[in-house]
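Data block below; observations after.
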Amino acid sequence: AGSSVTATDPGKGAVFALAGSTLDIESSLVSLGSGGYGVIITASSSEVRARDSAFVLTAPTAVCFSLERGALNLTDCRLTVDSPLGRGIELVRARGSITGNRFVIDSEAPIWCDSSSELTGFLGNVFQPFSNGHAAVRN
């Protein structure tokens with residue numbers, strides 16, 4: 001808790017790549033700059049919990065959290081995605097609780113879930129595009 005992780009990668013980069021694991025992040029800053037595809041956390045069959053943290057991602061194609069199976073619990077976080085093709089969250093056959101977060105991102109679908117995924121909590125999130133200062137609240 002209370003730490004900072006910064007990474008850069010000229011090609012395809014991930015800060016955390018998990019399989020069958022649990023990751024807890026609290027009161028921290030995690031950032032990545034990638035020249036290609038960038039992802040802060042990619043996880044398979046894992047549980048990811050983040051609270052009161054900031055995630056900053058800059059890449060031509062970008063996803064902050066990409067989970068296949070498993071669960072994501074994101075509470076009181078700020079996700080900033082600077083990308084022409086960016087998403088905050090992608091869930092595939094996964095569960096998610098996304099509450100009280102601020103997303104700064106230009107995207108038609110800042111959160112994407114397949115039909116097998118389940119959002120058990122989705123409250124109090126704010127979505128703010130880069131292109132203007134007008135924030136939209138969607139729940």
Side-chain angles (χ1 to χ4, degrees):
S3 57
S4 176
V5 176
T6 302
T8 57
D9 190 302
K12 181 179 178 180
V15 178
F16 297 100
L18 310 172
S21 302
T22 299
L23 176 65
D24 288 300
I25 298 173
E26 186 170 347
S27 302
S28 298
L29 167 65
V30 181
S31 63
L32 171 65
S34 178
Y37 174 78
V39 60
I40 298 275
I41 298 171
T42 180
S44 175
S45 301
S46 297
E47 184 171 347
V48 176
R49 295 182 295 260
R51 173 179 285 283
D52 190 33
S53 295
F55 302 90
V56 180
L57 177 55
T58 303
T61 304
V63 178
C64 271
F65 294 89
S66 178
L67 272 77
E68 182 175 357
R69 299 181 301 279
L72 172 65
N73 185 323
L74 192 66
T75 306
D76 298 327
C77 292
R78 179 181 176 102
L79 282 71
T80 303
V81 181
D82 185 1
S83 174
L85 297 171
R87 286 204 172 118
I89 298 169
E90 289 182 348
L91 299 177
V92 177
R93 295 185 305 273
R95 294 178 321 281
S97 177
I98 303 164
T99 305
N101 303 287
R102 175 174 296 275
F103 295 80
V104 180
I105 183 172
D106 282 332
S107 176
E108 292 288 322
I111 298 173
W112 181 86
C113 304
D114 74 346
S115 61
S116 300
S117 293
E118 178 184 1
L119 285 178
T120 57
F122 191 73
L123 300 167
N125 298 294
V126 175
F127 295 84
Q128 176 182 340
F130 271 105
S131 56
N132 61 45
H134 299 89
V137 177
R138 299 178 199 155
N139 283 306

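In this structure, Arg95 places its CZ atom where only 12 or fewer heavy-atom neighbours from other residues, nucleotides or ligands lie under 6.0 Å away.
In this structure, the side chain of Ser21 engages the main chain of Ala19 through a donor-acceptor pair within 3.5 Å. Here the side chain of Asn101 pairs no donor or acceptor atom with the backbone of Asn125 at under 3.5 angstrom. No donor-acceptor pair under 3.5 Å is formed between the side chain of Thr80 and the backbone N or O of Val104. Looking at Ser117, its side chain does come within 3.5 Å of a backbone N or O of Arg93 through a donor-acceptor pair. Side-chain atoms of Ser107 never come within 3.5 Å of backbone atoms of Ile105 as a donor-acceptor pair (strictly under, hydrogens ignored). No donor-acceptor distance shorter than 3.5 angstrom exists from the side chain of Ser97 to the backbone of Thr120, with no hydrogens or angles considered.
Under a hydrophobic clustering in which Ile, Leu, Val, Met, Phe, Trp and Tyr are joined whenever their side-chain heavy atoms come within less than 4.5 Å, directly or via other members, Ile89 and Phe122 fall into the same cluster. By the criterion of side-chain heavy atoms lying less than 4.5 angstrom apart, applied directly or through intervening Ile, Leu, Val, Met, Phe, Trp or Tyr residues, Ile98 is grouped together with Ile41 in one hydrophobic cluster. Follow the hydrophobic side-chain contacts under 4.5 Å out from Leu119 and you reach Phe103 in the same cluster. Val5 and Leu18 fall within a single hydrophobic cluster, where Ile, Leu, Val, Met, Phe, Trp and Tyr are joined by side-chain heavy atoms under 4.5 Å apart, directly or via other members. Residues Val92 and Leu23 are members of separate hydrophobic clusters, defined by side-chain heavy-atom contacts under 4.5 angstrom among Ile, Leu, Val, Met, Phe, Trp and Tyr.
Inter-residue side-chain proximity for Leu91 and Asp114 is flagged as unmet; no heavy-atom pair is nearer than 4.5 Å. Counting only heavy atoms from C-beta outward, the side chains of Phe65 and Leu74 approach each other to under 4.5 Å. Side-chain contact check for Trp112 versus Val63: every heavy-atom pair is 4.5 Å or farther apart.
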Subject >> Criterion side-chain hydrogen bond (donor to acceptor under 3.5 Å, both in side chains) on Thr22 and Asp24, from CA distance to verdict >> reply: CA-CA 7 Å; Thr22 299; Asp24 288 300; over 6 Å; no
Original post:
Going through the distances and angles, do Phe16 and Ile25 end up as a side-chain contact (heavy atoms from CB on, under 4.5 Å)?
Top reply: CA-CA 11 Å; Phe16 297 100; Ile25 298 173; 4.3 Å; yes
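Counting all heavy atoms, side chain and backbone alike, Val39 lies closest to Cys64 at CG2-O, 4.0 Å. Here the closest non-hydrogen pair linking Ser53 and Glu26 is OG-C, 3.5 Å. Between Leu32 and Gly13, the closest heavy-atom pair is CD2-O, 3.6 Å.
The stretch residues 29-43 participates, sequence neighbours left out, in these side-chain hydrogen bond (donor to acceptor under 3.5 Å, both in side chains) pairs: Thr6-Ser31.
Qualifying salt bridge (charged side-chain N to carboxylate O under 4.0 Å, His left out) partners for Arg51, counting only residues two or more places apart in sequence or in other chains: Asp76.
The distance from the CG atom of Asp106 to the CD atom of Gln128 is 10.0 Å, given to the nearest 0.5 Å. Interatomic distance, Ser66 OG to Glu90 CD, rounded to the nearest 0.5 Å: 5.0 Å.
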Identify all side-chain donor-acceptor contacts of residues 54-62 below 3.5 Å with residues at least two apart in sequence or on another chain.
none

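When each of Cys77, Ser28, Ser27 is tested with Asp52 by the rule side chain to side chain contact (heavy atoms under 4.5 Å, CB included), just one qualifies, namely Ser27.
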